[in-house]
Amino acid sequence: GACLESVAGQSFSDFEVVVVDDASSDNSGAIIEGYTLEDERFRAVTHVENRGRHLSRMTGIKQARGEYVIFLDSDDELSVNALESLHGRLLADPVDILHFGMSVVSHETIPEEERVVFEQGANTAIGKRAGRDVLRTVFDQDCGYGQDWRVIQRVFRRPIISDAFDVMEGARLDWMEDAYECFAACVLAESSDSLDECRGYIYHYGRGTSGVNKISVDEYDYFCKALAQCLNASARFAEGRFDKMVDRCVDGLRMKCLELLANDILIRLDEVDWASGLASFAKRFGETNAAREFYRFARDRAYELLQDED
């Protein structure tokens with residue numbers, strides 16, 4: 001489809017594509033086969049059963065042979081000059097991780113103002129970082145979470161991301177897996193930079209689990225369970241590092257993920273389900289964390305009311 005066509009049509013031609021068919025139930029297999037037969041740069045790996053995005057990325061990394069790696073989700077695309085721009089920058093100034101820009105396309109119930117805010121937040125140029133500042137820029141609260149943790153918006157030097165996946169857990173992770181994967185890569189990386197003026201990634205906001213569309217209490221409870229698995233895996237990764245900054249940043253990862261998950265109570269659940277959503281949150285992450293997020297909601301609402309009075 002459009003995803004693979006956006007890669008095949010790149011202005012830069014020296015690349016390989018490892019396409020992971022995660023036991024698709026539609027005609028994706030036939031589409032992938034068509035590309036592998038027509039273009040030797042495309043190779044396919046097929047899962048017998050659906051394993052989710054994290055394990056699909058792990059499969060792809062094991063097959064990759066290039067010097068650098070980009071992840072592209074099946075419902076997104078690359079702009080036509082993306083690889084040419086990124087290759088040129090890395091050739092001139094190599095780094096372990098290069099963050100690049102994103103154009104956001106909204107779908108379904110996503111209002112235009114939400115799309116604009118999301119796109120602005122996704123294109124924050126940070127500049128060069130070295131050593132532990134690579135990790136701190138993304139995950140340290142004192143650095144203001146200066147950059148997102150989306151792995152799809154980064155180019156990784158292959159040995160770095162390969163080593164990261166080698167030590168990550170081979171378990172299915174269905175939500176916030178990007179945080180875990182980016183955390184592991186940033187722990188191992190020695191250098192990073194930004195090229196956010198290259199809007200190379202075309203992200204479809206509102207497809208899949210992203211966006212602000214309404215969900216049920218059961219779906220929210222599933223998100224809580226999935227996030228708990230991701231956070232536990234991140235914590236176990238950090239434990240083996242014996243590094244105080246890594247410990248600090250895994251705490252920052254946890255705090256930010258819990259904040260984002262709690263926000264979905266107000267944004268994506270109907271008001272009648274807010275109490276049930278908070279109960280699901282408390283069941284997975286404890287009453288103290290739930291109380292902290294509830295306090296944040298009350299504080300922010302009180303501030304809004306005071307502003308309205310002014």
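Quantities reported herein were computed from a predicted structural model and do not represent experimental measurements.
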Would you please indicate if the ring centroids of Phe183 and Phe139 are separated by under 6.0 Å?
yes

Look at the side chain of Asn289 and the backbone N and O of Phe285, then say whether any donor-acceptor pair between them is shorter than 3.5 Å.
yes

Under 6.0 Å between the ring centres of His87 and Tyr68?
no

Could you pull out every donor-acceptor pair under 3.5 Å between side chains of residues 250-262 and any protein atom, sequence neighbours left out?
unit_1 : atom_1 : unit_2 : atom_2 : d
Lys256 : NZ     : Glu259 : OE2    : 3.3

Where the side chain of Ser191 meets the backbone of Ala130, is there a donor-acceptor pair that is under 3.5 Å apart?
no

Under a 3.5 Å distance rule, please check whether Asp22 uses its side chain to pair with a backbone N or O of Ser56 as donor and acceptor.
no

Return yes if some donor-acceptor pair links the side-chain N/O of Asp300 with the main-chain N/O of Tyr303 below 3.5 Å, else return no.
no

Between Arg43 and Val45, is a side-chain contact (heavy atoms from CB on, under 4.5 Å) present by the stated rule, with each step listed?
CA-CA 7 Å; Arg43 291 185 288 127; Val45 183; 5.9 Å; no

Using modelled atom types and a 3.5 Å cut-off, is there a donor and acceptor pairing between side-chain atoms of Asp26 and backbone atoms of Ser28?
yes

side-chain hydrogen bond (donor to acceptor under 3.5 Å, both in side chains) evaluation trace for Ser11 with Glu84:
CA-CA 6 Å; Ser11 60; Glu84 181 179 3; 2.6 Å; yes

Among Thr137, Asn123, Asp148, side chain to side chain donor-acceptor pair (under 3.5 Å) partner for His99
Asp148

Determine, for Asp221 against Lys283, whether the closest basic-nitrogen to carboxylate-oxygen distance falls under 4.0 angstrom.
yes

Under a 4.0 Å threshold between the charged nitrogen and the carboxylate oxygen, would Asp193 count as salt-bridged to Arg129?
no

Looking only at non-hydrogen atoms, find the nearest pair between Ile32 and Ala44 and report the distance.
CG2-CB, 3.6 Å

Salt bridge flag under 4.0 Å for residues Asp178 and Arg150
no

What verdict does the side-chain hydrogen bond (donor to acceptor under 3.5 Å, both in side chains) test give for Tyr205 and Glu114, after you've listed the backbone C-alpha separation in whole Å, the side-chain angles of each residue and the deciding distance to 0.1 Å?
CA-CA 10 Å; Tyr205 187 32; Glu114 174 71 15; 2.9 Å; yes

After noting the C-alpha distance and the side-chain angles of Asp218 and Ser216, does the key distance pass the side-chain hydrogen bond (donor to acceptor under 3.5 Å, both in side chains) rule?
CA-CA 5 Å; Asp218 287 344; Ser216 68; 5.2 Å; no

Looking at Lys214 and Asp273, does any basic side-chain N land under 4.0 Å from a carboxylate oxygen?
no

Under 3.5 Å, is there a donor-acceptor pair between the side chain of Arg158 and the main chain of Gly66?
yes

Test salt bridge (charged side-chain N to carboxylate O under 4.0 Å, His left out) applied to Lys128 and Asp93, step by step
CA-CA 11 Å; Lys128 286 189 174 184; Asp93 193 3; 2.7 Å; yes

Applying salt bridge (charged side-chain N to carboxylate O under 4.0 Å, His left out) to Asp247 and Arg241, what does each step give before you reach the verdict?
CA-CA 8 Å; Asp247 293 339; Arg241 300 287 125 184; over 6 Å; no

With a 4.0 Å cut-off, would you call Arg41 and Glu16 a salt bridge?
no

Test Glu181 against every option in His54, Arg154, Arg53 by the side chain to side chain donor-acceptor pair (under 3.5 Å) rule and name the one that passes.
His54

Carefully, step by step, assess Thr59 and His47 under the rule side-chain hydrogen bond (donor to acceptor under 3.5 Å, both in side chains).
CA-CA 9 Å; Thr59 295; His47 286 166; 2.8 Å; yes

Would you say the ring centroid of Tyr220 lies under 6.0 angstrom from that of Phe281?
no

Checking side chain to side chain donor-acceptor pair (under 3.5 Å) between Asn263 and each of Arg268, Glu293, Arg296, which is the one that passes?
Arg296

Flag the pair Arg236 and Glu239 as a salt bridge only when some basic side-chain nitrogen lies within less than 4.0 angstrom of an acidic carboxylate oxygen.
no

I want to know whether Tyr203 and His107 have ring centres closer than 6.0 Å.
no

Basic-acidic side-chain contact under 4.0 Å: Asp243, Arg248
no

